[in-house]
Amino acid sequence: MDRKVAELLNEQINKEFYSAYLYLEFANYYAAEGLDGFENWYKVQAQEERDHAMLFYQYLQNSSEKVTLEAIAKPDCQLTDHMAPLKAGLKHEQYVTELINTIYAAAFDVRDFRTMQLLDWFVKEQGEEEKNAADLITKMELYGSDAKGLYMLNSELGARVYTAPSLVL
Ligand code: FEO
């Protein structure tokens, strides 16, 4: 595998674990606020991010590439109100989309079609992640300022269940 592509894929393992850590921090915040549905939503999200990390890990392993695990940074976020995690979440997903695009471009440059095929799944996934994050903000803007609305939204998010990723390596 091209060195730069392998390096970026290895870095992405860390970025995805960081995403899991960030979303766990959001869950932690909502738990303290008594919003267990929001907590559940971000716990499921954190699980998905761990899956993403493991997919990159496994892909490198399957390609006989060395995996180097680095320290995971402390979540960098100011959770000042119920909206703050949602906005930080969208911003973070947009950042992750950029990271995936950067790896894709590096793979494209060296005609690494196998890595591009792996990343096709992530490109699609990022589209969904950004939409989910933006939808949450819209719902919170519409209903979040009303106690009954917030209660209903919390119940809706509490119903989210984890499903394993559709991508199998
Ligand atoms: Fe792994 Fe939320 O992107």
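Note that the numbering runs from 1 along the sequence shown for the chain. The structure displayed is predicted, hence computed values, not measured ones. Just so you know, ligand 1 is whichever comes first in the structure, and atom 1 is the first atom listed for that ligand.
- Note on residues 70-86: no pairs pass salt bridge (charged side-chain N to carboxylate O under 4.0 Å, His left out), not counting sequence neighbours.
- Without hydrogens or angle criteria, Asn14 side chain to Ala71 main chain gives a donor-acceptor distance under 3.5 Å.
- Atom CZ of Phe108 is surrounded by 12 or fewer heavy atoms from other residues, nucleotides or ligands within 6.0 Å.
- Between the Asn40 side chain and the Gly158 main chain, a donor and an acceptor come within less than 3.5 Å of each other.
- Around atom 1 (Fe) of ligand 1, protein N, O or S atoms at less than 2.8 Å number 3.
- In terms of the salt bridge (charged side-chain N to carboxylate O under 4.0 Å, His left out) criterion, residue partners of Lys131 (sequence neighbours excluded) are, by chain and number, Asp135.
- Applying the salt bridge (charged side-chain N to carboxylate O under 4.0 Å, His left out) definition to pairs two or more places apart or across chains, those involving residues 32-47 are Glu39-Lys43.
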